[in-house]
Amino acid sequence: QVQLVESGGGLVQPGGSLRLSCAASVGMFNIRAMGWYRQPPGKQRELVANARSSGSTNYADSVKGRFTFSRDNAKNTWYLQMSSLKPEDTAVYYCNAEAREGFGYMYLEVWGQGTLVTVSS
């Protein structure tokens, strides 16, 4: 079973920065898409950024220019660098992937456990 482990959330002041990490239990060659979602308090989960294994990356309009998606294939890990944070960025952030356990297995959607990001003074 593929597992995703997130880290990096916390409390930050408006205008500050945080970096989230998502480590996968399988190699990146078993992941065909990866990304970040968030769920603000009382709202539905929404896409923040996602990327295909081919390299193309998409961002939600609300975070373009402030958030940056990156990955380290050697560490089976991807990141979300968040800058110029605003109170409305407060949410539980989840990493997500379309991943398989290995060659011959089906790709399934997998979620991390979530990490809380609070932007407040």
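Position 1 is the first residue of the sequence, and the numbers go up from there. All figures in this text were calculated on a predicted structure; none of them were measured in a lab.
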SB check K86 D89 (cutoff 4.0 Å)
no
Approximate separation, where rounding is to 0.5 Å, of [X] [atom1] and [Y] [atom2]:
{"X": "N50", "Y": "T57", "atom1": "CG", "atom2": "OG1", "value": "8.0 Å"}
{"X": "N96", "Y": "L4", "atom1": "CG", "atom2": "CG", "value": "7.5 Å"}
{"X": "R52", "Y": "I31", "atom1": "CZ", "atom2": "CD1", "value": "12.0 Å"}
{"X": "M28", "Y": "N76", "atom1": "CE", "atom2": "CG", "value": "6.5 Å"}
{"X": "Q81", "Y": "S21", "atom1": "CD", "atom2": "OG", "value": "9.5 Å"}
{"X": "E98", "Y": "R32", "atom1": "CD", "atom2": "CZ", "value": "5.0 Å"}

Is there a continuous path of hydrophobic side-chain contacts, each under 4.5 Å between heavy atoms, that joins [X] to [Y]?
{"X": "Y37", "Y": "V110", "value": "no"}
{"X": "Y107", "Y": "W78", "value": "no"}
{"X": "M34", "Y": "W111", "value": "no"}

Checking the side chain of [X] only, and the main-chain atoms of [Y] only, is there a donor and an acceptor separated by less than 3.5 Å?
{"X": "T90", "Y": "V119", "value": "yes"}
{"X": "E6", "Y": "C95", "value": "yes"}
{"X": "R66", "Y": "S84", "value": "yes"}
{"X": "S17", "Y": "S83", "value": "no"}

Side chain to side chain, [X] and [Y], heavy atoms closer than 4.5 Å:
{"X": "R19", "Y": "L80", "value": "no"}
{"X": "D72", "Y": "Y79", "value": "yes"}
{"X": "L18", "Y": "V117", "value": "yes"}
{"X": "T115", "Y": "Y94", "value": "no"}
{"X": "L11", "Y": "S120", "value": "yes"}
{"X": "R100", "Y": "M106", "value": "no"}
{"X": "S62", "Y": "E88", "value": "no"}
{"X": "W36", "Y": "L20", "value": "yes"}

Which heavy atom of [X] sits nearest a heavy atom of [Y], and at what distance?
{"X": "Y59", "Y": "F67", "result": "CE2-O, 3.3 Å"}
{"X": "T77", "Y": "K75", "result": "OG1-O, 2.7 Å"}
{"X": "S121", "Y": "P14", "result": "N-CD, 3.7 Å"}
{"X": "A91", "Y": "P41", "result": "CA-CD, 4.5 Å"}

If we ignore angles and hydrogens, is there a donor and acceptor under 3.5 Å between the side chains of Y93 and R38?
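Side-chain D/A pair, Y93 to R38: present.
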Check the side chains of E101 and N30 for a donor-acceptor pair under 3.5 angstrom, ignoring hydrogens and angles.
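Looking only at side-chain atoms, E101 and N30 do not form any donor-acceptor pair under 3.5 Å.
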Does atom CD of Q44 have more than 12 heavy-atom neighbours, drawn from other residues, nucleotides or ligands, at distances under 6.0 Å?
no
